[in-house]
Amino acid sequence: MAHIIVVGNEKGGSGKSTTSMHVATALARMGHRVGALDLDVRQRSFARYLENRRAFVEGEGLDLPGPMLGELSRDEGTDPLSPAVAALDAEHDFIVIDCPGSHTKLSQMAHTLADTLVTPMNDSFIDFDLLARISPQGEVLGPSIYAEMVWSARQLRGQAGAGAIDWVVLRNRLGTTEMHNKRKVGEALTRLSRRIGFRVAAGFAERVIFRELFPRGLTLLDLRDVGTQALSMSNIAARQELRDLLTELRLPGVKVNI
């Protein structure tokens, strides 16, 4: 069976689609067969990213590895997720599912399918509130609604004998300044991780390059293939962030060699 990677939280603007695209494309470039699903049926950022990639590749006559985008059923009154996952499962090693930045039934269903759950968050206490309530003094008071939803998904998987969810919380848009806030958020995440069972990993720093890649459907790993010979120091650092992330995900059968 394909290993299912769900990228989700219940807050927009945390870099879910960028993370989904880079993880899926990196796996494809390492020779793995990767399927993709976008559960945000309105905004479709991940799907649009992949559609942009297909159009750019065809227009430029390039051959760039990438994931195969699956389609959700549009028949009303049916479960659109299960058949879409089943169709990709037969021919792929990994399926990357990008969830919307809000609570939906589809997103909740996807979390119960996750072998690996990646939760990107901006490095601030505003996003921390997605995971847990915190007192004015900085004490963790208890899990928040999203963490409770993940706990419910874990219970359902346990009852079905489907195995544990490996939950990784990704600190995205880490800045080089505001060191005091970064330290405080990091300490709070470490304490919370022990209570509700997730691993903390560094994600992507805030970089202009991510906004520039989207219209062509490219990732950091594609730049040399499209004629960008001299990478900036920022691009090189971002590629290393991606390598570190893939290593930290500890995906089965993946030897990071990008």
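Ring geometry for F210 versus F204: interplanar angle of 30 to 60°, hence tilted.
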Derivation and outcome, side chain to side chain contact (heavy atoms under 4.5 Å, CB included), residues D127 and S14 = CA-CA 8 Å; D127 278 29; S14 60; 4.2 Å; yes
Passes salt bridge (charged side-chain N to carboxylate O under 4.0 Å, His left out), E60 versus R216? Steps please.
-> CA-CA 11 Å; E60 297 293 320; R216 294 180 292 170; over 6 Å; no
Test E206 against R211 for salt bridge (charged side-chain N to carboxylate O under 4.0 Å, His left out), laying out the working first.
-> CA-CA 10 Å; E206 180 66 45; R211 295 189 286 272; 2.9 Å; yes
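For the pair L213 and H22, the minimum side-chain heavy-atom distance is below 4.5 Å. With contacts defined as side-chain heavy-atom distances shorter than 4.5 Å, the pair W151/I196 does not qualify. Taking the side chain as every heavy atom from C-beta outward, R42 and D40 approach each other to under 4.5 Å. Within the 4.5 Å cutoff, no side-chain heavy atoms of T119 are placed close to those of V168. Side-chain contact between T219 and L242: absent, with no pair of heavy atoms (C-beta onward) separated by less than 4.5 Å.
Within a 6.0 Å radius of CG in D63, other residues, nucleotides and ligands contribute 12 heavy atoms or fewer.
A salt bridge between D98 and K16 is absent, with no side-chain N of the basic residue lying under 4.0 Å from a carboxylate O of the acidic one. The pair D222-R29 meets the salt-bridge criterion, since a charged nitrogen lies less than 4.0 angstrom from a carboxylate oxygen. Salt-bridge check for R54 with E51: failed, with every basic side-chain N at 4.0 Å or more from each acidic carboxylate O. A salt bridge links E241 with R207: the distance from a Lys NZ or Arg NE/NH1/NH2 to an Asp or Glu carboxylate oxygen falls below 4.0 Å. Remark: R199 engages E248 in a salt bridge, criterion side-chain N to carboxylate O under 4.0 Å.
When ring centroids are compared, F125 and F128 come within the 6.0 Å threshold.
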